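Step one of this worksheet: look at the structure below.
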Amino acid sequence: MNIKEASEKTGVSSATIRYYEKETLIPAIDRSEAGNREIDELIIRRINFVKQMRAAGMSIENLRRYIQLFDNQEDNTKEQIALLNEQMAEMEEKRDDLQAAIDHLHFKLNHFYDHVQASEEELRTLERQHQEKLDQDK
């Protein structure tokens, strides 16, 4: 299939597929006599793998390293697992940060009238006092 068909099949733009090839995230794609890319199922599977790992937040550098380990003839299972564990820890940290922000918003919504509104009025009073002091110092 050509790059346009591969793009439609994978949901990855043609430009991104070319980028993946340039960055050696997918194997070099064979070309027809006319110079058009001829993409087979192996390349499709690699594109989908890269797409999934990028969606999981893996950097291009770490993804390239993982793919090199996979493509190597030696058993690199430990190194591959280490990279996956590193990525998992990073994503869990991001998830925890996001959950803390969500929890904070829930608190503000659940306590808007009994806490947030009063705190905001206090802040407005402090801002007025601060501005008055600045005006007096001029």
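Just so it is clear, the structure is predicted and the values come from calculations on it, not from any experiment.
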Q: Provide the full list of side chain to side chain donor-acceptor pair (under 3.5 Å) pairs with a residue in residues 85-100, sequence neighbours left out, each pair given once.
A: Asn62-Glu86, Gln99-Asp103

Q. With a cut-off of 6.0 Å (strictly less than), are more than 12 heavy atoms of other residues, nucleotides or ligands near CZ of Arg45?
A. no

**Q.** Residue pair Val50 / Thr16, side-chain heavy-atom distance below 4.5 Å
**A.** no

Q. Going through the checks in order, is the salt bridge (Lys or Arg N to Asp or Glu O under 4.0 Å) test met by Glu8 and Lys4?
A. CA-CA 6 Å; Glu8 291 169 358; Lys4 183 177 184 235; 3.7 Å; yes

Q | Thr125 side chain vs Glu121 backbone, donor-acceptor pair below 3.5 Å | A | yes

Q: Could you tell me which non-hydrogen atom of Thr24 sits nearest to which non-hydrogen atom of Ile67, and how far apart they are?
A: O-CG2, 4.4 Å

Q. Are any non-hydrogen side-chain atoms of Ile44 and Glu5 less than 4.5 angstrom apart?
A. no

**Q.** Any residue meeting salt bridge (charged side-chain N to carboxylate O under 4.0 Å, His left out) with Glu41, in chain and number order, not counting sequence neighbours
**A.** Lys9

Q | Nearest non-hydrogen partners of Ser7 and Ser13, listed with the distance | A | OG-CA, 3.6 Å

Q: Can you run down the ring-ring contact (aromatic ring centres under 6.0 Å, His included) pairs that involve residues 24-66, sequence neighbours left out, and say none if there aren't any?
A: Phe49-Tyr66

Q. Do side-chain atoms of Lys51 reach the backbone of Thr10 as a donor and acceptor pair under 3.5 angstrom?
A. yes

Q. Quick check: are there more than 12 heavy atoms from other residues, nucleotides or ligands sitting under 6.0 Å from CE of Met91?
A. yes

Q: For residues Asp30 and Ile43, determine if any side-chain heavy atom of one lies less than 4.5 Å from a side-chain heavy atom of the other.
A: no

Q.
Please report the interatomic distance NZ(Lys133) to CD(Gln136), rounded to the nearest 0.5 Å.
A. 8.0 Å

Q.
I need the full list of ring-ring contact (aromatic ring centres under 6.0 Å, His included) pairs touching residues 113-138, with sequence neighbours left out, sorted by first then second residue.
A. Phe107-His115

Q.
Please check: side-chain N/O of Asn110 versus main-chain N/O of His106, any donor-acceptor pairing under 3.5 Å?
A. yes

(Q) Under 3.5 Å, is there a donor on one side chain and an acceptor on the other for Gln68 and Asn72? (A) no

Q.
Has Glu23 got a side-chain atom pairing as donor or acceptor with Ile60's backbone, closer than 3.5 angstrom?
A. no

Q. Could you give the distance from OG (Ser119) to NE2 (His111), rounded to the nearest 0.5 Å?
A. 11.5 Å

(Q) With side-chain contact (heavy atoms from CB on, under 4.5 Å) as the criterion, how do Asn2 and Asn36 come out once you've worked through the C-alpha distance, each side chain's angles and the decisive distance to 0.1 Å? (A) CA-CA 7 Å; Asn2 64 34; Asn36 298 322; 5.7 Å; no

Q: Of all the heavy-atom pairs spanning Pro27 and Leu42, show the shortest one and how long it is.
A: CG-CD2, 4.5 Å

Q. Which residue pairs satisfy the ring-ring contact (aromatic ring centres under 6.0 Å, His included) criterion with at least one member in residues 5-38, sequence neighbours excluded?
A. none

Q.
Do Arg31 and Arg37 have side chains that approach each other closer than 4.5 Å (heavy atoms only, starting at C-beta)?
A. yes

Q: Kindly give the heavy-atom pair with the smallest separation between Met58 and Leu83, and that separation in Å.
A: CE-O, 4.1 Å

Q) If every non-hydrogen atom of Ile29 is compared with every non-hydrogen atom of Glu21, which pair is closest and at what distance? A) N-OE2, 2.8 Å

Q | Closest non-hydrogen atom pair between Ala6 and Ile39, with its separation | A | CB-CD1, 3.5 Å

Q: Verify side chain to side chain donor-acceptor pair (under 3.5 Å) between Asn48 and Gln52, making sure each step is shown before the conclusion.
A: CA-CA 6 Å; Asn48 284 327; Gln52 290 167 342; over 6 Å; no

Q: With sequence neighbours excluded, tell me which residues meet salt bridge (charged side-chain N to carboxylate O under 4.0 Å, His left out) with Asp71.
A: Arg46

Q | Interatomic spacing from NZ in Lys22 to CG in Leu25 - rounded to 0.5 Å | A | 10.5 Å

Q: Hey, could you give me the CG/CD1 distance between Leu69 and Ile81, rounded to the nearest 0.5 Å?
A: 11.5 Å

Q | Inter-residue atom distance Gln117.CD - Lys108.NZ, 0.5 Å rounding | A | 12.0 Å

